[in-house]
K.L.:
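Before I ask anything, here is the structure I am working with.
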2 protein chains.
Amino acid sequence: MTRDDDEPVGADAPNRLLWALRRAELGARALKDQRLRPLGMVPAHYSLLMSVHTEPGLTGAELARRLDVTPQAVASLVARLVDKGQLERRSHPRHRHIQELHLTDAGREALKSADAVIASIEHQITERLGPDNAARFAALLDEVIDEVRDSKS
Amino acid sequence: MTRDDDEPVGADAPNRLLWALRRAELGARALKDQRLRPLGMVPAHYSLLMSVHTEPGLTGAELARRLDVTPQAVASLVARLVDKGQLERRSHPRHRHIQELHLTDAGREALKSADAVIASIEHQITERLGPDNAARFAALLDEVIDEVRDSKS
DNA sequence: TCAGCTACATCAAACACTTGATAGGCAACA
DNA sequence: TGTTGCCTATCAAGTGTTTGATGTAGCTGA
């Protein structure tokens with residue numbers, strides 16, 4: 001019986017970690033989407049508003065890097081949020097053709113509501129895992145982020 | 001100073017867990033994509049082939065549920081993989097208009113190469129975390145999956 | 001001062017996926 | 001033995017994102 005290589009792939013054990021990571025993120029995204037929708041918002045809008053709130057004056061290009069999407073995708077989102085009156089474009093003081101992004105009052109209000117929803121999901125998960133495990137989980141995620149970032153470059 | 005609510009959202013601490021989860025998955029996906037591309041494959045193809053390998057005879061609709069996408073998206077992927085000769089449609093013995101999906105030899109070969117790549121990424125992360133932490137990480141991910149699945153329904 | 005470089009923004013086309021709607025077949029139940 | 005209901009597959013249209021390419025403005029070094 002020397003036909004160990006008959007099986008094209010090993011048991012699913014080795015792939016479980018990445019698979020679980022994908023499933024968890026997929027599920028979390030779906031949940032966020034479900035609970036954000038009644039507020040007329042989608043996760044992508046929330047992420048963008050939150051980024052601008054954290055770093056006011058961000059440009060479209062920088063935002064694209066933060067969110068890991070293309071500048072065009074950001075432009076599309078920004079256009080929509082500007083239409084909704086939640087976001088504001090201001091021209092950069094030094095570079096005229098560059099646009100700084102800032103939240104409007106309506107944007108801050110929308111973000112506040114959305115953040116309450118996100119925080120509640122966060123809280124729900126933290127409660128399920130327990131505080132210690134939640135902290136450990138966050139630390140492990142950070143290490144995974146580091147590892148994949150390093151080996152990508 | 002009773003203006004604690006001046007800040008629309010709390011510190012980014014409460015949102016760190018979901019944010020980290022998203023970043024980790026995003027990074028992992030990018031890494032998979034980067035290393036799979038030289039093999040002429042994308043993560044979506046890999047997932048599909050792996051699912052069919054694990055459960056031969058899967059139908060398009062069932063596959064859609066496994067992968068959390070719509071049947072149409074699956075049909076599109078399947079069509080491409082059939083063109084590449086890696087996947088085969090067979091009509092279901094009882095239900096004629098239903099198509100079972102099976103890997104071809106070429107598909108098994110492609111999956112084998114791709115799985116080696118994925119396993120190496122998995123191994124790399126496991127090594128970084130350490131075996132104990134990797135196991136704990138997988139367990140925590142499973143719990144998160146459970147939690148979001150339960151609260152979605 | 002003036003090339004060359006870099007970075008931002010944006011237009012246009014291609015692509016992938018979703019939502020919505022249609023058709024056909026099997027099965028269970030009256 | 002119809003007939004209702006569910007599930008599958010697939011077509012068509014709409015949406016969001018990426019890829020590719022263009023124009024423009026500031027920075028840098030000769």
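Since the model is a prediction, treat every value here as computed from it, not as a measurement. Convention: sequence-line order gives letters A, B, ...; per-chain numbering from 1.
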K.L.:
Using atom CG of L48(B) as one end and atom P of dA16(C) as the other, report the distance to the nearest whole Å.
P.N.:
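The answer, rounded to whole Å, is 14 Å.
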
K.L.:
Can you work out whether V69(A) or A61(B) has the more 5'-proximal nearest nucleotide on DNA chain D?
P.N.:
A61(B)

K.L.:
Closest to the T70(B) side chain: dC26(C), dC8(C), dT18(C)?
P.N.:
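Shortest atom-to-atom distance from the side chain points to dT18(C).
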
K.L.:
Walk me through whether E147(A) and Q124(B) qualify under side-chain contact (heavy atoms from CB on, under 4.5 Å).
P.N.:
CA-CA 8 Å; E147(A) 179 62 28; Q124(B) 188 179 333; 2.9 Å; yes

K.L.:
Please give, in whole Å, the distance from dG16(D) C1' to R29(A) CZ?
P.N.:
13 Å

K.L.:
Considering only dG16(D), dT18(D), dC8(C), which nucleotide approaches the side chain of R80(A) most closely?
P.N.:
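Nearest listed nucleotide: dG16(D).
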
K.L.:
Are any non-hydrogen side-chain atoms of Q99(A) and T59(A) less than 4.5 angstrom apart?
P.N.:
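Counting from C-beta outward, Q99(A) and T59(A) never come under 4.5 Å.
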
K.L.:
Where the side chain of R89(A) is defined as all heavy atoms beyond and including C-beta, which of dT8(D), dA16(C), dT10(C) is the nearest nucleotide?
P.N.:
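Ranking dT8(D), dA16(C), dT10(C) by closest atom to the R89(A) side chain puts dT10(C) first.
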
K.L.:
Out of dC27(D), dG24(C), dT17(D), which nucleotide sits closest to the side chain of H95(A)?
P.N.:
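Of dC27(D), dG24(C), dT17(D), dC27(D) is nearest to the side chain of H95(A).
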
K.L.:
Return no unless some side-chain N or O of R96(B) is found under 4.0 Å from OP1 or OP2 of dC7(D).
P.N.:
no

K.L.:
What is the distance, rounded to the nearest whole Å, between atom CD1 of I98(A) and atom P of dT6(C)?
P.N.:
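So the CD1-P distance, I98(A) to dT6(C), works out to 16 Å.
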
K.L.:
Looking at dT8(D), I'd like to know if its phosphate oxygens (OP1 or OP2) sit under 4.0 Å from a side-chain N or O belonging to R65(B).
P.N.:
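Affirmative; the distance criterion is met.
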
K.L.:
Starting from C1' on dA9(D), measure out to CG on L101(B) and report it in whole angstrom.
P.N.:
12 Å

K.L.:
Send over the distance from L77(B) CG to dT10(D) P, rounded to a whole Å.
P.N.:
14 Å

K.L.:
Looking at the side chain of R94(A), which of dA27(C), dC27(D), dT18(D) is the nearest nucleotide?
P.N.:
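Comparing dA27(C), dC27(D), dT18(D) against the side chain of R94(A), the answer is dC27(D).
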
K.L.:
Which of these nucleotides, dT8(D), dG26(D), dT10(C), is closest to any side-chain atom of T59(B)?
P.N.:
dT8(D)

K.L.:
Quick one: label A75(B) by what it contacts on the DNA or RNA (base, sugar-phosphate, nothing), any heavy atom closer than 4.0 Å.
P.N.:
nothing

K.L.:
Tell me whether D33(B) contacts the main-chain N or O of R29(B) through its side chain, where contact means a donor paired with an acceptor under 3.5 Å.
P.N.:
no

K.L.:
In whole angstrom, what separates L63(A)'s CG from dT17(D)'s C1'?
P.N.:
15 Å

K.L.:
Using whole Å, what does the distance between atom C1' of nucleotide dA9(D) and atom CD of E100(B) come to?
P.N.:
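Spelled out: CD on E100(B) to C1' on dA9(D) is 15 Å.
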
K.L.:
Look at the side chain of Q72(B) against the base of dT19(C) and say whether a donor-acceptor pair falls under 3.5 Å; ignore hydrogens and angles.
P.N.:
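Yes.
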
K.L.:
Could you please spell out the steps behind the salt bridge (Lys or Arg N to Asp or Glu O under 4.0 Å) verdict for D83(B) and R80(B)?
P.N.:
CA-CA 5 Å; D83(B) 278 349; R80(B) 180 161 327 200; over 6 Å; no

K.L.:
Indicate yes or no for a side-chain donor-acceptor contact from S76(A) to the backbone of Q72(A) under 3.5 Å, with no hydrogens or angles considered.
P.N.:
no

K.L.:
Rounded to whole angstroms, how far apart are NE2 on H97(B) and C1' on dC7(D)?
P.N.:
7 Å

K.L.:
For the side chain of Q99(B), starting at C-beta, report the closest nucleotide among dA16(C), dT10(D), dG24(C).
P.N.:
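Minimum distance to the Q99(B) side chain belongs to dT10(D).
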
